[in-house]
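Below, read A as the first sequence line, B as the second, and so on, with proteins coming before strands; counting in each chain starts at 1. These numbers come from the heavy atoms of this one structure, side chains and all, not from hydrogens, waters or symmetry mates. Not measured: the values here are computed from a predicted model.
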Amino acid sequence: MSAASPGAGPLPGYNFAYLDEQTRRMIRRALLKAVAIPGHQVPFAAREMPLPYGWGTGGLQITAALLGRDDVLKVIDQGADDATNATSIRRFFARTAGVATTERTDAASIIQTRHRIPETPLRPDQVLVYQVPDPEPLRGVETREAEARRMHAAADYGLARVALYEQIAHYGRVRQAYNHPVIVNRRYLASPSPIPRFDNPKLDHSPALQLFGAGRERRVYAIPPHTPVHSLDFDDVPFTVDADDTACSLCGATDTYLDEIVLDDHGTRRYLCSDTDFCRRNRDGGPDHE
Amino acid sequence: MATATTVFRDPVHDAQRTFRCALEAMARPATWQALPAAPEPLPGLGPGATALALTLLDHEVTAWLGPGARAAGPGLRFACGVAITEAPGQADFAFAAAAELGDLSAFAAGSDTTPETSATLVVEVDDHEGETGLLCSGPGLAAPTPLRCRGLPPAFAAQWRRQAGRLPCGVDVFLLAGRRLAALPRTVELQEAPCTQR
């Protein structure tokens, strides 16, 4: 398989990458402010997209504002390039922008993702765009938007810590397997979008720029490269990721995030890498092997 | 009198490439980037500042122009539909030569709940080379990076440090030197570099 499928040229009758120029300017201005204030949610005037809210319209609009003719786009849904959501979004930009697309993490310049960070380490020349369903990490403890904003303004995150403490007090450990909130640049509490806890360490000091878009909630936020990102925890109960020795039944990797597949009514299970590109290249002789 | 105005040669793609350059600059402070597209500069603005204006300004924002950049007003209004204000505190974007910028505290710094409403300053410096004796650190920088440029007023570093006390409020700065661009987002910390031998 070639590294990237070439695009066919943009769809006639539409602006490049679907969105009109005024919308792209508005999103671009919001993104510049988001990068300047790491972790702070910047409101933006999310447009209706030809995709329902909740299917990645925030990520879609960020990608549309970023995308240029020379970009190579990869889209993943829970690590997989071939899931419905990822396939639709990839095809959307192949049609409306005519850009090249790829399934290979190392061949992409922009990676739009739903709920995973690729296993292959990212490079400084790559941008990771997250589809975020709920950008407000305080929503679970404070339903009032105005109050949540005041709490962010004052860096008043005691309630979020109490919520975490209650999990530890009740269950002896943090039960939240995904969407574990993070403190960006020692200042803002931010939602990592529902990535598994396993991926949280990859947010920290990433060499790549990370942009987060929530279409329904009309917010963008960002983590610049080389920015400290600390998963919320306590001095005496430090953040840990769940790890065991289970190996991927396809490629044998023991250090990747695995999907559990139930095979029959007797509870027989198989485990597969969630990152399909990493798994395939691992089977082909290692991620760096062509 | 005819208005001197300007456009990108390839409006959609030149704006896209200029934005990516600006985003890269903002994500990696104090790192000079070469702008890919240079439109015919407006009177009072350099080619880089003109490219940024065409990329980021429209009828939704307000711009303030420093004394030397005033001549660009009619052209900017025509090309971008941007409102021009006389009051620096009301501007979303400010265009000025470094020497004419005045005190940073004159510009909108945003509020604690909406720090993103602060101004973005587009500041023309003399050159992208030259020692400032300042070291930048903060998000976007793996290691402290010397700020290289010529023409930044001596008072800038002190004003910048004063604004750091108001974080997350504060202005963000693009430095322009011809077609070169670098950024100082508000999170950048400026320190005097340890003295090297003279």
For the [atom1] atom of [X] and the [atom2] atom of [Y], what is their distance to the nearest 0.5 Å?
X	Y	atom1	atom2	result
T55(B)	E21(A)	OG1	CD	9.5 Å
L67(A)	Q16(B)	CG	CD	7.0 Å
T113(B)	H40(A)	OG1	NE2	8.0 Å

Fill in: chain A contact residues among residues 88-112 of chain B, heavy-atom distance under 4.5 Å
F93(B), D112(B)
Worksheet item: Which of residues 18-50 of chain B get closer than 4.5 angstrom to chain A, counting heavy atoms alone?
Response: F19(B), R20(B), A22(B), L23(B), M26(B), A27(B), R28(B)
Under 4.5 Å from any heavy atom of chain A - which part of [X]:
X	answer
L57(B)	backbone
L56(B)	both
A143(B)	neither
V61(B)	side chain

So which part of [X] gets closer than 4.5 Å to some heavy atom of chain B, the side chain, the backbone, both or neither?
X	answer
I27(A)	neither
D20(A)	neither
R28(A)	both
I223(A)	neither

Return the option, out of [options], with the maximum number of heavy-atom pairs under 4.5 Å with chain B.
options	value
A17(A), P124(A), A222(A)	P124(A)
N15(A), L211(A), L66(A)	L66(A)
R29(A), R149(A), R24(A)	R29(A)
D71(A), V184(A), V127(A)	D71(A)
A36(A), P224(A), A34(A)	A36(A)

[Y] side chain reached by [X] side chain, heavy atoms, under 4.5 Å:
X	Y	answer
T120(B)	L32(A)	no
Q22(A)	H59(B)	yes
P185(B)	V35(A)	no

Fill in: E116(B) side chain vs A30(A) backbone, donor-acceptor pair below 3.5 Å
no
Worksheet item: Sub-3.5 Å donor-acceptor pair from the side chain of K33(A) to the main-chain atoms of S118(B), do we have one?
Response: yes
Within a 6.0 Å radius of atom [atom1] on [X], are there more than 12 heavy atoms belonging to other residues, nucleotides or ligands?
X	atom1	result
R186(A)	CZ	no
D70(A)	CG	no
R166(B)	CZ	no
R123(A)	CZ	yes

Discussion item. Can you give me the closest heavy-atom contact between N185(A) and P139(B), atom names plus distance?
Written reply: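 Closest heavy-atom pair between N185(A) and P139(B): ND2-CG, 3.3 Å.
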Practice prompt. Could you tell me whether R25(A) and E60(B) have a side-chain N and a carboxylate O separated by less than 4.0 Å?
Written response: no
